[in-house]
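In what follows, a single structure is set out as structure tokens and then discussed.
Computed from heavy atoms alone, side chains included, the values below leave out hydrogens, waters and symmetry copies. In listed order, ligands and their atoms are each counted from 1. This structure is a prediction, so every number in the text was calculated from the model and none was measured.
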Amino acid sequence: MSPILTVNPLHPQTELISRAARILQAGGLVAFPTETVYGLGANALDAAAVSKIFTVKERPATNPLIVHVHDAEAAQALVRVWPETARKLGQKLWPGPLTLVLPKQKEIPDKVTAGLDSVALRVPSHPVAQALLKISGLPVAAPSANRSSQLSPTTAQHVEKALGNQVELILDGGATNVGIESTVVDLTRERPLLLRPGVISLSELQAILGDIEIPEKPVHDREPRPSPGMMERHYAPRASLILFQAQDFEEIQEMVKRENLKGGKVGALLLTSLELPLQHPMVMPLEAASYARLLYAALHSLDDLGCTLILVERVPEEPRWAAIQDRLKRAAHPG
Ligand code: TXA
Ligand code: MG
């Protein structure tokens with residue numbers, strides 16, 4: 001039986017959310033929509049429940065989880081210090097696609113934070129996530145509801161495809177609006193550090209914080225890794241993904257020919273129209289927020305269509321495309 005339960009995304013029905021809340025309270029797993037991507041949730045204060053997340057996702061125990069809370073006050077209760085930077089960011093950008101890393105209180109199990117002394121906190125804005133946090137009365141640890149290193153889910157169907165029989169319930173609130181994971185900022189140090197770019201832009205963060213450090217690339221070569229989301233291959237489809245520019249046309253044409261001769265199927269995310277013998281070309285919007293909203297859904301559908309190679313036209317080298325550039329780079333095979 002499908003574990004999917006459809007809820008009204010704008011006005012979630014209390015009785016349906018209560019069902020999900022009871023599962024969380026009993027130590028079970030519930031997948032639910034946030035404004036960014038779907039999360040795989042467990043009671044963040046229950047180490048045994050949190051362990052199930054790692055098992056189901058096949059996630060390395062060294063990769064810490066984000067804890068979702070109902071509001072900034074609930075976030076404050078889970079940390080030892082609440083700096084001015086957190087107060088300002090929380091006030092301006094929560095609820096929303098922003099995660100703050102702060103020194104943790106001891107009631108948060110080490111399992112959640114992978115043994116780190118800090119915890120990542122987020123107040124999601126999606127009404128279903130908000131209702132679930134409010135009705136359950138729990139902080140909810142929730143990574144993206146996909147298998148480790150694969151594509152994040154932006155619909156309940158993506159979750160079902162990846163984890164279907166391993167979650168007790170999937171709350172279906174439709175497609176998510178932001179489409180890529182939250183911006184993560186480390187506030188445990190003197191100078192705030194951007195750990196993961198997202199749709200909250202650097203200039204927005206700079207305007208609020210005054211100063212923020214952006215790790216030089218390639219961050220994933222650095223030890224120890226400040227955030228496992230910085231691991232090189234991540235957010236990846238099953239097919240090989242290659243980034244190209246329209247100028248590389250001849251090279252790409254050869255690549256498509258070779259793939260077709262091998263009996264492979266080639267899909268593409270394009271910004272311009274190119275005369276190539278592609279089985280599954282998809283035209284993407286030339287606007288960053290819309291591109292982000294559609295990116296994972298497009299890659300999921302190319303995977304479902306059996307593409308063996310996905311060609312992705314490089315997006316503009318502009319600040320508002322930074323998070324998309326980051327995800328595409330990680331999804332691409334090195335080289
Ligand atoms: O938009 C999102 O953030 C989604 C939704 C479900 O909220 N969640 C998500 O979770 O993307 P996940 O587990 O896929 O990514 C969590 C990121 C990882 O890069 C992880 O390394 C980082 O947050 N993180 C968590 N705790 C941390 C900590 N204490 N210090 C540094 N990085 C941390
Ligand atoms: Mg993830």
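No N or O atom of Glu181 sits closer than 3.5 Å to an N or O atom of ligand 1. Of the polar atoms of Thr34, none of the N or O atoms is found under 3.5 Å from an N or O of ligand 1, judged by distance alone. For a threshold of 3.5 Å applied to N or O pairs, the pair formed by Ser144 and ligand 1 contains at least one separation below that value. Taking any N or O of Thr99, backbone or side chain, none lies under 3.5 Å from an N or O belonging to ligand 1.
For ligand 1 and Pro143, the ligand atoms under 4.0 Å from any heavy atom of the residue are 10 (O), 12 (P), 13 (O). Here is the list of ligand 1 atoms found below 4.0 Å of a heavy atom in Thr36: 1 (O), 2 (C), 4 (C), 5 (C). Proximity to Ala120 (heavy-atom distance under 4.0 Å) selects the following atoms of ligand 1: 25 (C), 26 (N), 27 (C). Those atoms of ligand 1 with a heavy atom of Asn63 less than 4.0 angstrom away are 20 (C), 21 (O).
Note: His300 and His158 have parallel aromatic rings, judged against thresholds of 30 and 60 degrees for the angle between ring planes.
If you look at Leu65 next to ligand 1, the close heavy atoms, those under 4.0 Å, all belong to the backbone. Heavy atoms of Asp186 found under 4.0 angstrom from ligand 1: none, in either backbone or side chain. Residue Lys57 does not touch ligand 1, judged by heavy-atom distances below 4.0 Å.
Within the structure, the closest approach of Lys104 to ligand 1 does not fall below 4.0 Å when heavy atoms are considered. Look at Leu195 and you'll find a heavy atom under 4.0 Å from some atom of ligand 1. Using 4.0 Å as the threshold, Pro124 has no heavy atom nearer than that to any atom of ligand 1.
Taking the charged nitrogens against the carboxylate oxygens, Lys92 and Glu204 have no contact shorter than 4.0 Å, which rules out a salt bridge. Salt bridge annotation for Asp304-Lys161: present, with a cationic side-chain nitrogen under 4.0 angstrom from a carboxylate oxygen. The pair Glu259-Lys265 fails the salt-bridge criterion, with no side-chain N (NZ, NE, NH1 or NH2) lying under 4.0 Å from an Asp/Glu carboxylate O.
Heavy atoms from other residues, nucleotides or ligands lying under 6.0 Å from CD of Glu250 number 12 at most. Atom CD of Glu15 sits in a crowded spot, with more than 12 heavy atoms from other residues, nucleotides or ligands closer than 6.0 Å.
Counting only non-hydrogen atoms, the option in His68, Arg59, His126 that gets closest to atom 7 (O) of ligand 1 is His68. Nearest to atom 3 (O) of ligand 1 by heavy-atom distance, out of Ser182, Gly115, Ala129, is Ser182. Around atom 28 (C) of ligand 1, the closest heavy atom drawn from Ile180, Thr188, Leu193, Leu116 belongs to Leu116.
Neighbouring protein atoms of the Mg ion (ligand 2) (N, O or S, distance under 2.8 Å, waters ignored): Ser144 OG.
Side-chain polar atoms of Gln279 and Asn260 form a donor-acceptor pair below 3.5 angstrom. Side chains of Arg196 and Ser182: a donor on one and an acceptor on the other come within 3.5 Å. Side-chain contact check for Ser290 and Glu287: at least one donor-acceptor pair (N or O, by modelled atom type) lies under 3.5 Å. For the residue pair Arg330/Gln325, the side-chain donor-acceptor check at 3.5 Å is not satisfied. Side-chain contact, Ser136 with Gln25: no donor N or O sits under 3.5 Å from an acceptor N or O.
The ring pair (Phe, Tyr, Trp, His ring centres under 6.0 Å) test applied to His68 returns no partner, not counting sequence neighbours. Ile108 is linked by a side-chain contact (heavy atoms from CB on, under 4.5 Å) to Leu78, Lys104, Val112, Thr113, Val119, counting only residues two or more places apart in sequence or in another chain.
Residue pairs meeting the side chain to side chain donor-acceptor pair (under 3.5 Å) criterion with at least one member in residues 32-43, sequence neighbours excluded: Thr34-Thr36, Thr34-Arg122, Glu35-Arg122, Glu35-Ser125, Thr36-Arg122.
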